[in-house]
Amino acid sequence: ALAVPPPPTLAAVSPVRAPRAPSFVSTGKGEAQRVAVTISASAKGVAVRLAPRPESEAADAPTDKSVAETSAPPKRCWLTAYAKWISRPAVSIPVALAVAALIPLGAQASGRLAIGVQFADNFPDGSPLAAYYVEVEEAFGTMASETALIAEGVDWADDGVQGQVESLVDGVNALEDVASPFRSWLADYHAWAKARGLPAAGPGFCKAARAFLADEEVLCADGPDCERRVVPRMYSRHVALAPPGHGCAGAARIVGKIRAGDTLEGRVHVMDRFRSAVGGLRGDLDVVSWTYFFMFSDRDKLVTRLVVGTLISAAAAVLCVLALFLPVPAVAAVATAVAAVDGGLFAMMWAWSVPLDVASVICLAMAVGMSVDFVTHVAIAHDRAPGAPAARVAASLCEVGRPVLRSGATTLLGFAVLGLTTSAIFRMFFKMLVSTVILSLIVGLAFFPACASWGLVGGGGKAAGPDKAADASALPADVEAASSTSSVSDPPSSRDEPGVGPPPPTPPSP
């Protein structure tokens, strides 16, 4: 009989379960290396070794579904070639400079934009109502606006003050913007007082003026032919005299009409000219001019400054939020991209004769959110990608490039119907929104990758996974898994215990 010593027992060794490693390991350059996994166990420990796997052993690939799903090699990305092209200095530098040049170009164009749309553009193309209004305005000036010269603190009983008021009215009526002459109540009072033998100024004026403002009889004015009929009581809503016993000072409105421009810019010019003329004619009288469109013209006069301030504040708010998730250099690149989109929009508005008005200001505000969308997706993907700058550009474009392109294409398709409308306002929306999407795609897929290829936007390597550590063209021939071996001490052998031992081996049969 041959005595065979028993093998060392592993009963005291904790069970070690081999992890299911993938059959492919990334090399960090968009390729995969087939490897063989060898797991060995002994009384001294467990070791896991990786080695390049010959292609002849492809049939030994695991068939388990869960392993097969995680073991598939990465798909080829058609944007890799574009990423290599945009990362070349001969391409990236001109692209970055061309996009950045939109910022000063837009700043120059913003100062040359017209303010407000034409009157006919508020109606559909060929609208008979718009044509009617335009022809009536040209023939009769019906779009003139009622305007008031408001005088306060005037001593109406003073003959000199009355002369100043009449001189002011005569000067205003000589202006080219006046559509209907301004009528001073003093002129009609003088005719009324002369017919009744009452004083035109000085003592007794206040009492006579109050009687004039209460008279309801029709007064013939402007010559013996009675070219104009006046009811003195109508002036009572425009004249406010001091209470009896407090002098004859008070306030009055002298009403006429001025022509309102058919555009916002035209109304601003009319307002400025009329105010300047009144200021030069009033002397030391406390007189101001007012009409309803002055309220809006004061705002429209500052529309460019308001638009720029709104865009800056909106962009600052968006960038402050991005600073919580991206490195500061990446946020700076995104800020430049947003400014380039806005600059490109101003240049487009100048080229397509799109004026600054309510609709275009809405589109400019929307452009801040739309322009930051695409470039932020690329920036976050780039921030998480490991490797060298060019490799990170390729990884970020392969991850989000196609979704960004699909999003931009579907958005353009949705806005395309606006270009088929018969309204100038809706076609303006089409021009603004389509330009915003195209510029946003350019800065997201060209400008930011070009800047990122220089390694100036920071970040990188935040995502965990086997690809992060793999940055070589081939896997080393012999790599220890996790760079360590699990060591386990030998258990005490049963042969060392007295009186205890394994049963004798069964002798072989003859």
Undergrad: Using modelled atom types and a 3.5 Å cut-off, is there a donor and acceptor pairing between side-chain atoms of R88 and backbone atoms of V91?
TA: no
Undergrad: Looking only at heavy atoms, what is the nearest atom pair of M428 and A359, with distance?
TA: CE-CB, 2.9 Å
Undergrad: Please determine whether side chain to side chain contact (heavy atoms under 4.5 Å, CB included) holds for the pair L102 and L345, giving the CA-CA distance in whole Å, both sets of side-chain angles, and the decisive distance to 0.1 Å.
TA: CA-CA 9 Å; L102 293 175; L345 280 180; over 6 Å; no
Undergrad: Kindly assign one of parallel, tilted or perpendicular to the pair F274 and F182, based on the angle between their ring planes and the thresholds 30° and 60°.
TA: parallel
Undergrad: Could you check whether S145 and T291, counting side-chain N and O atoms only, form a donor-acceptor pair closer than 3.5 Å?
TA: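 Note: T291 and S145 side chains meet the donor-acceptor criterion.
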Undergrad: Donor-acceptor pair, distance only, cut-off 3.5 Å: does the side chain of T376 make one with the backbone of V372?
TA: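 Flag set: sc T376 to bb V372 pair under 3.5 Å.
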Undergrad: For I150 and R253, work out which heavy atoms get closest and say how close.
TA: CG1-CG, 4.0 Å
Undergrad: ring-ring contact (aromatic ring centres under 6.0 Å, His included), that's the test. Do F212 and F205 meet it? Break it down for me.
TA: CA-CA 10 Å; F212 170 79; F205 171 83; 9.6 Å; no
Undergrad: With heavy-atom distances below 4.5 Å as the criterion, would you say the side chains of V443 and S371 are in contact?
TA: no
Undergrad: Quick one: pull up CD in E166 and OG in S184 and give me the separation to the nearest 0.5 Å.
TA: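 OG of S184 is found 6.0 Å from CD of E166.
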Undergrad: Rounded to the nearest 0.5 Å, what separates atom CG in L79 from atom CG in L445?
TA: 8.0 Å
Undergrad: Can a salt bridge be assigned to the pair D215 and R210 using a cut-off of 4.0 Å between side-chain N and carboxylate O?
TA: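 Looking at R210 together with D215, the answer is no, because their closest N to O distance does not fall below 4.0 Å.
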Undergrad: Give me the atom names and distance for the closest heavy-atom approach of W185 to A252.
TA: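 Looking at all heavy atoms of both residues, the shortest contact is NE1-CB, 4.1 Å.
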Undergrad: Run F374 and L441 through side chain to side chain contact (heavy atoms under 4.5 Å, CB included) and show every step you take.
TA: CA-CA 7 Å; F374 296 153; L441 288 173; 3.7 Å; yes
Undergrad: Ignoring hydrogens and geometry, is there a side-chain-to-backbone donor-acceptor pair from R259 to V178 under 3.5 Å?
TA: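 A pair under 3.5 Å: yes.
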Undergrad: Does L219 reach the side chain of V231, with side-chain heavy atoms less than 4.5 Å apart?
TA: no
Undergrad: Side-chain contact test, heavy atoms from C-beta onward, threshold under 4.5 Å: evaluate it for I438 versus T436 and give yes or no.
TA: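 A side-chain contact is absent here, since even the closest heavy-atom pair is not under 4.5 Å.
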Undergrad: Check for a donor-acceptor pair, side chain of D383 on one end and backbone N or O of A379 on the other, with a separation under 3.5 Å.
TA: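 Side chain of D383 to backbone of A379: no pair is present.
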Undergrad: Can you tell if the side chain of T147 reaches within under 4.5 Å of the side chain of V255, non-hydrogen atoms only?
TA: no
Undergrad: So, W454 and S92: side-chain donor and acceptor under 3.5 Å apart, yes or no?
TA: yes
Undergrad: Less than 4.5 Å apart, side chain to side chain, heavy atoms only: is that true for V165 and I254?
TA: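 When only atoms from C-beta onward are counted, I254 and V165 do touch, with a gap below 4.5 Å.
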Undergrad: Sub-3.5 Å donor-acceptor pair from the side chain of S313 to the main-chain atoms of G309, do we have one?
TA: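 A pair under 3.5 Å: yes.
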Undergrad: Any carboxylate oxygen within less than 4.0 angstrom of a Lys/Arg side-chain nitrogen, looking at R273 and D177?
TA: yes
Undergrad: Would you please test W350 and Q108 for side chain to side chain contact (heavy atoms under 4.5 Å, CB included) and show each step?
TA: CA-CA 10 Å; W350 176 79; Q108 291 291 330; over 6 Å; no
Undergrad: Distance-only, no hydrogens or angles: does the R392 side chain make a donor-acceptor pair with backbone N or O of P386 under 3.5 Å?
TA: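 Side chain of R392 to backbone of P386, a donor-acceptor pair under 3.5 Å: no, none is there.
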Undergrad: Nearest heavy-atom pair of A83 and I86: which atoms, and what distance?
TA: O-CG2, 3.3 Å
Undergrad: Could you give the distance from CZ (F293) to CZ (F296), rounded to the nearest 0.5 Å?
TA: 11.0 Å
Undergrad: Side chains of T336 and I103: does their closest heavy-atom pair fall under 4.5 Å?
TA: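 When only atoms from C-beta onward are counted, I103 and T336 do touch, with a gap below 4.5 Å.
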Undergrad: So does P124 get a backbone contact from the side chain of S127, meaning a donor-acceptor N/O pair under 3.5 Å?
TA: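 No, S127 side chain to P124 backbone: no donor-acceptor pair under 3.5 Å.
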Undergrad: Would you give the length of the straight line joining atom CD of E399 to atom NE2 of H377, rounded to the nearest 0.5 angstrom?
TA: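 Atom-to-atom, E399:CD and H377:NE2 are 11.0 Å apart.
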Undergrad: Can you tell me how far CG of L213 sits from CE of M234, rounded to the nearest 0.5 angstrom?
TA: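 M234 atom CE to L213 atom CG measures 12.5 Å (nearest 0.5 Å).
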Undergrad: With a 4.5 Å heavy-atom cut-off, do V378 and V375 have their side chains touching?
TA: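 No, too far: nothing below the 4.5 Å cut-off.
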Undergrad: Give a yes or no on whether the backbone of N173 and the side-chain of D170 come within a donor-acceptor separation of less than 3.5 Å.
TA: no
Undergrad: Using only atom types and a distance under 3.5 Å, with no angle test, would you say the side chain of S276 pairs donor to acceptor with the backbone of D272?
TA: no
Undergrad: Taking the side chain as C-beta and beyond, is there a heavy-atom pair between V307 and L311 under 4.5 Å?
TA: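 Yes - at least one pair of side-chain heavy atoms lies under 4.5 Å apart.
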Undergrad: Please walk me through it: do R196 and E217 pass salt bridge (charged side-chain N to carboxylate O under 4.0 Å, His left out)?
TA: CA-CA 13 Å; R196 290 163 174 78; E217 294 184 6; 3.7 Å; yes
Undergrad: Under a 3.5 Å distance rule, please check whether T421 uses its side chain to pair with a backbone N or O of V417 as donor and acceptor.
TA: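 Looks like no, no N/O pair under 3.5 Å.
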Undergrad: Taking atom types as modelled, find out whether H190 and Q162 have a side-chain donor-acceptor pair closer than 3.5 angstrom.
TA: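 There is such a pair between these side chains.
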Undergrad: Determine, for E146 against K257, whether the closest basic-nitrogen to carboxylate-oxygen distance falls under 4.0 angstrom.
TA: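 No, no charged N to carboxylate O under 4.0 Å.
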Undergrad: Tell me, with the steps shown, if W192 and V230 meet side chain to side chain contact (heavy atoms under 4.5 Å, CB included).
TA: CA-CA 10 Å; W192 179 86; V230 178; over 6 Å; no
Undergrad: List the steps, then state whether salt bridge (charged side-chain N to carboxylate O under 4.0 Å, His left out) holds for R427 with D125.
TA: CA-CA 11 Å; R427 289 196 297 271; D125 296 342; 2.8 Å; yes
Undergrad: How far apart are the closest heavy atoms of A144 and A179, and which atoms are they?
TA: CB-CB, 3.6 Å
Undergrad: Compare every heavy atom of V354 with every heavy atom of L113, then report the nearest pair and how far apart it is.
TA: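 Distance-wise, the nearest heavy atoms are CD2-O, 4.0 Å.
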Undergrad: Please verify the inter-ring angle class for F429 with F426; under 30° counts as parallel, over 60° as perpendicular, anything in between as tilted.
TA: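 Geometry flag for F426 against F429: tilted rings.
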Undergrad: For a quick check under 3.5 Å, do D300 and S297 share a side-chain donor-acceptor pair by atom type?
TA: no
Undergrad: What distance separates T310 OG1 from L364 CG, expressed to the nearest 0.5 Å?
TA: 9.5 Å
